[in-house]
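All remarks here apply to the structure that follows.
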Protein chains: 2
Amino acid sequence: MQDLAKELKTTPATVSRALNNSPEIGEGMKKKVKALADKYNFRPNAHASSLRKGKSKTIGVVVPYINRHFFSTIIHYIEKYVSQEGYNVMILQTEENFEKEKEDIALLIDQRVSGIIISLSKPTINCLHIKKAIDEGIKVIQIDNVLKSVNTSYIKTQDREGARITTLHLLEQGYKKIALFCGDMTSKLYQDRKQGYCDAHQERDIPVDERLFVANTNSRKEGCKAMRKLIDSGVEFDAVFSSGDYAALGAYLVCKEKGIAIPEKMGIAGFANEHFAELVTPAITSSDQHSKEIGQLAAKQILKEINNKDAELIKTSLLPELIVRGSSLKSEKLKIKN
Amino acid sequence: MQDLAKELKTTPATVSRALNNSPEIGEGMKKKVKALADKYNFRPNAHASSLRKGKSKTIGVVVPYINRHFFSTIIHYIEKYVSQEGYNVMILQTEENFEKEKEDIALLIDQRVSGIIISLSKPTINCLHIKKAIDEGIKVIQIDNVLKSVNTSYIKTQDREGARITTLHLLEQGYKKIALFCGDMTSKLYQDRKQGYCDAHQERDIPVDERLFVANTNSRKEGCKAMRKLIDSGVEFDAVFSSGDYAALGAYLVCKEKGIAIPEKMGIAGFANEHFAELVTPAITSSDQHSKEIGQLAAKQILKEINNKDAELIKTSLLPELIVRGSSLKSEKLKIKN
DNA sequence: AAAGTTTACGTAATCGTTTGCGTAAATCAC
DNA sequence: GTGATTTACGCAAACGATTACGTAAACTTT
């Protein structure tokens, strides 16, 4: 920048202002500066700029695991959007670990990022770390697993309602005893889904059988384990609603292995609409969480809050879309039989 | 830092050195500095440090799309590894666009990242942008789709050999006319896979029928289209080897739709071992590309090159693992019939 | 014990931009 | 034509850490 200034017999100040399109610089000078910058292929040092401004054009994205279809899709759309505005994204994973989450946030503060988009790890129950970021002037947007105790914009799924709708669907298909697989119950997200499951039962005046409830069941392996255990326990049930597709898949595979007919003898419904859900035979009923919309909304909103001192926060809950597939279509089959 | 220095009646220089564990600082002073830093929860400004050092503790990762299982898994392991060493990762997507790739690299240079791990976009055929990064002292590692015309470490799949093995497998199963689906043929990656396919034919003295070759077929939709077109063309064939699982899935679904028995009338094999390949019925034969190993190796190697001025480059080609599944098991079925 | 070496820390310049303040020249009001 | 603005730019001080160089004090060597 010094060099450009020298060659143009002006000062770095002017060069800087010209490159930043400051209105205090005349058109003629701007053209000259830009032309020379182009000629020498000059690009300003991002760190010097960030240091001086106390802010960098970076958005931090914090998720439990990036190699989950749901999150990688969200990040895809975030990156796609913010990169158009000259921002870049820094990615951190919490692996569902609260301590790591705190450290991740601290790192992003060290980087003076302009904004943070975060899906809280499941065990997180306090948000002092988030508040610290906000105090530093960083805009925060929560997605997916959010805590309302801290006042930020958020975009989440209507977990309770989504679970209610799925459960209702299973009940309407004629399933009587529905097992429920959830994850870490310290998380509001799973509490909500369980609540929705209970709501549906209450509406239909059906008692909830706690023996059919299994927590900490997220992965395919855990889903298998839970399913085997439940079957071996002797408690009767004729359907499984899993808070995640992977655990649903586990249950599904155990049925196939044991020759339990899906959907006739056992109904299965998942959540998240993972890729494989529609591909297996019969396909698995699941709820789409609109990852694309979440990513786009989060990106749009965070830039708005960064650029507009007092942009209004948004508190959005998207209704997941129940996609009914073969794994829970008992009544249709019955009709055909008659 | 100034404040800490003042309180300890010393200078920022000493504080900086103490925090960085410089051997020039006595143990007593180090303890005092660190204690006070802890007390005030002081964390150094990353940008000031990067500016002064001309380098930031950031690794840039450039891939076509992050929401592909293969890439998100690689990135997962990269982030996991480098974050332990105090590095963080910045992610850029090229969307298979050369211009965007150039801009991405320029952005990472602006950020003075310490290293770049990149999977070149398919259309990329020259590496001036990569060389520019190297000239800036940035360590570069290529993964997956690499160009050997630039001298960097790389970790890739043995595309030719992998394709050869898959093709040989299909031939051994008794398939006579194997269609080949590939992607953008300007990319060395697909050229290699096609070559492997040809190798296998040559070994078995079987002529290659160019009418059975379809390029630019990556997605599920394109796979469907290609399959329909091929069937309608009237050219006879009894198997499909697709360079990607999604296109293989397209072919697979068209068979199901048209009632073409898999694997009896049509053998199918993909590449990449996507999640769904093992889940559909029959499961799809595919080759695992060891994404976990690629991520770990890339991360380990880039840190080595960053920390060791003259660490040796690695040029690694991992042999993909052919996972034979039902979609290509014709002979087994025949045996059962006899 | 004098000279040399090491240890532990201070001094001050530097990384490359940005920006509050100052000011000459140009423009405007009347 | 004089004073008041406005325009367009220069000056210089930041931003916060790092590091080459300098130097007292402590320690070695012979």
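Computed over heavy atoms, backbone and side chain alike; hydrogens, waters and symmetry mates excluded. Chain A is the first sequence line, chain B the second, and so forth, proteins listed ahead of strands; every chain is numbered from 1.
Both A/T14 and A/A48 sit near DNA chain D, but only A/T14 has its closest nucleotide nearer the 5' end.
B/D144 places none of its side-chain heavy atoms less than 4.5 Å from the side chain of B/I294.
In this structure, CD of B/E136 is placed 11 Å from P of C/dG16, rounded to the nearest angstrom. A straight line from CD of A/Q2 to C1' of D/dC11 spans 13 Å, rounded to a whole angstrom.
Among the heavy atoms of the strands, none lies under 4.0 Å from B/S50. Contacts of A/K30 with the nucleic acid, taken as non-hydrogen atoms under 4.0 Å apart, are absent.
Applying the 3.5 Å distance criterion, the base of C/dG20 shares a donor-acceptor pair with the side chain of A/R17.
With distances taken from any side-chain atom of B/A13 to the nucleotides D/dG16, C/dA12, C/dT18, the minimum falls on C/dA12. Here the nucleotide nearest the side chain of B/R52, chosen from D/dC9, C/dT19, D/dT19, is D/dT19. Considering only the side chain of B/K53, D/dT19 comes nearest among D/dA17, C/dT18, D/dT19. Each of D/dC9, D/dT18, C/dT18 was ranked by its minimum atom distance to the side chain of A/S16; first place goes to C/dT18. Here C/dT11 is the nucleotide among D/dA17, C/dT11, C/dC9 with the atom lying nearest to any side-chain atom of B/T11.
The pair B/R43-A/D110 meets the salt-bridge criterion, with a side-chain N (NZ, NE, NH1 or NH2) lying under 4.0 Å from an Asp/Glu carboxylate O.
Cation-pi geometry between A/K315 and A/Y154 is not met at under 6.0 angstrom from the ring centre and within 45 degrees of the axis.
Scanning both residues, B/I302 and B/I141, for their nearest heavy atoms gives N-CD1, 3.4 Å.
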